[in-house]
Amino acid sequence: MQIYKVGGAVRDRLLGKPVTDIDWVVVGATTEEMLAKGFRPVGADFPVFLHPKSGEEYALARTERKNGRGYGGFIFHASPDVTLEEDLIRRDLTINAMAEDDQQNLTDPYHGQRDLEARLLRHVSPAFAEDPLRVLRVARFAARYAELGFTVAPETLELMRQLSESGELEALTPERSWKEIARALMEDQPQVFIEVLRECGALKVLMPEVDALFGVPQPEAHHPEIDTGVHTLSVLEQAALYKQPLTVRWACLLHDLGKGLTPEEEWPRHIAHEHKGLKLIKAVNERFKAPKDCQELALLVGKYHTHGHRALELKPSTLLELLQSFDVYRRPQRFEEFIAACEMDARGRKGLEQRSYPQADYLRGAATAARSVAVQPLLEKGFKGLELGEAIKGERLKALKAYKAAAPA
Ligand code: CTP
């Protein structure tokens, strides 16, 4: 049997990028031979094994053919007579379809190296279309390698467009899609992921609520970039620049969905967009079964981001409601993430990226003031149950009044 390193490990080594996990392909072997060598079988779908010591993935060379919609409908063929070239041709991109032996000799039948040099994300063959997840993967790679100057080859973009129009994307499971989305959002240029999806028509299928923001104007005074879609991309870009976690990036992407529902005659104003957007945010959250912390933060940021921007003008009672809504006493981290998302929203505006955002510290100070209210003295006074809750709220309100009064105007 011959063993080759394949996929991302070869690509990233040639790009001079750190290689995190290595995939191997085994040519000329049977399942029985692999088991006899101590490899542990994994994966119900394909003959894939884990190395007994390194734990890395070794897959038998295979060909694949699709015989239905979605990811389930695959017929694969793995046997010792499947060649390396046959295994590589079923892969997504030429830069992912190179193999390397233990002497670092490259097998590159589909010119991945040439495309690496040309900075092109190009599909290997029409078999690309057999897995619609690849539309998201290409957009993710575009985001990851944008800083190196990579773009999607026009013919690949065309194929992605056809796939998006064919209805195949709808067959993707929420879990597979979310994994790609989450990884893409954590790249250094997540806005490129959304841009590429939009360009090939996939955004309209996957997240029509985000797609609908393009072409929707906002008031120039607050939004020199005017377009709500452009703004959303800038907010995401800022979130990456500031190394925000996934929760914040997800909330940034969805914060303004309500603006897509504003009747044209109300443009460029978006009255109550925070509230109107909630059902859309919920729908996107559920469509991809986003993790609970992402879902929660997106909804809270959607509902309260304008409160964040107006923090310095809020009445103490409104500030208190805001802090209560976030349960800032038990969930301080979530409130920090809310503040971060608001700040990214403020910076994601053309020419305003460097502006200061005093609201952030003001909100932190308010949270500290409310949190400093001690419960023990109230218990000692005999408050219980609902009354105790009201008494705590009363004390917190007092603390916030004092905080606001003391804050520099
Ligand atoms: N692959 C594919 N189509 C997919 C998923 C994977 O063709 N839908 C192939 C590609 O050749 C890819 C390899 O399987 O390079 C390994 O896949 P994976 O580990 O998911 O990705 P990597 O390319 O290693 O990229 P990353 O650095 O993002 O993990």
Side-chain angles (χ1 to χ4, degrees), residues 4-27 42-43 45-51 54-66 70-74 76 78 82 84-100 106-113 115-116 121-148 150 152 156 159-160 163 168-169 171-173 175-190 192-193 196 202:
Y4 302 88
K5 220 178 251 183
V6 279
V10 180
R11 176 197 69 221
D12 286 336
R13 188 187 69 75
L14 291 171
L15 280 174
K17 292 256 168 197
V19 171
T20 42
D21 53 37
I22 306 182
D23 292 310
W24 304 84
V25 68
V26 184
V27 178
V42 282
D45 301 336
F46 313 119
V48 180
F49 303 85
L50 296 183
H51 190 279
S54 72
E56 285 166 356
E57 275 193 13
Y58 285 66
L60 293 189
R62 65 175 188 264
T63 59
E64 282 175 354
R65 195 157 43 83
K66 199 168 150 80
Y71 195 54
F74 268 108
F76 72 87
V82 175
L84 183 58
E85 285 73 12
E86 284 172 327
D87 181 277
L88 295 175
I89 201 170
R90 66 168 172 84
R91 292 173 183 264
D92 53 1
L93 296 173
T94 59
I95 63 164
N96 289 341
M98 297 181 276
E100 202 173 75
L106 201 64
T107 303
D108 181 17
Y110 311 109
H111 311 296
Q113 215 175 7
D115 286 339
L116 274 184
L121 303 169
R122 190 202 305 275
H123 65 286
V124 180
S125 79
F128 178 92
E130 300 199 338
D131 182 3
L133 189 75
R134 289 171 171 171
V135 172
L136 283 87
R137 277 175 63 88
V138 174
R140 171 166 68 81
F141 285 121
R144 185 192 294 176
Y145 298 126
E147 53 148 12
L148 297 177
F150 275 84
V152 183
T156 302
L159 194 52
M160 290 161 72
L163 263 171
E168 276 285 314
L169 291 178
L172 290 171
T173 63
E175 291 77 10
R176 287 188 89 212
S177 301
W178 174 257
K179 234 169 133 182
E180 286 301 323
I181 293 167
R183 290 185 74 187
L185 290 181
M186 290 313 289
E187 295 291 353
D188 283 346
Q189 299 205 40
V192 174
F193 174 69
V196 171

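Note that ligands are numbered from 1 as they come in the structure, with each ligand's atoms numbered from 1 the same way. If you read the sequence from its start, that first residue is 1, and numbering goes on from there.
For ligand 1, the atoms sitting less than 4.0 Å from at least one non-hydrogen atom of Arg134 are 2 (C), 3 (N), 4 (C), 7 (O), 8 (N), numbered in the order shown with element in parentheses. Listed by atom number, the atoms of ligand 1 under 4.0 Å from Arg140 heavy atoms are 28 (O). Short contacts between ligand 1 and Gly7, defined as distances under 4.0 Å to a heavy atom of the residue, involve ligand atoms 15 (O).
For Asp21, no nitrogen or oxygen atom sits less than 3.5 Å from a nitrogen or oxygen atom of ligand 1, counting backbone and side chain alike.
Looking at Leu133 against ligand 1, nothing comes within 4.0 Å, counting heavy atoms. Contacts between Asp23 and ligand 1 below 4.0 angstrom, taking non-hydrogen atoms only, involve the side chain exclusively.
At least one side-chain heavy atom of Phe150 sits less than 4.5 Å from a side-chain heavy atom of Leu116.
The closest heavy-atom contact to atom 12 (C) of ligand 1, among the options His123, Arg183, Arg137, comes from Arg137.
Note that the CD atom of Glu130 and the CG atom of Leu163 stand 10.5 Å from one another [nearest 0.5 Å].
Ring orientation note: the planes of His51 and Tyr58 are tilted relative to one another, at an angle of 30° to 60°.
The minimum heavy-atom distance between Trp24 and Val6, with the atom names listed, is C-CG2, 4.0 Å.
Tyr110 pairs with exactly one of Met98, Glu85, Arg91 by the side chain to side chain contact (heavy atoms under 4.5 Å, CB included) rule, that one being Glu85.
Remark: Tyr4 pairs with no residue by the ring-ring contact (aromatic ring centres under 6.0 Å, His included) rule, at least two apart or across chains.
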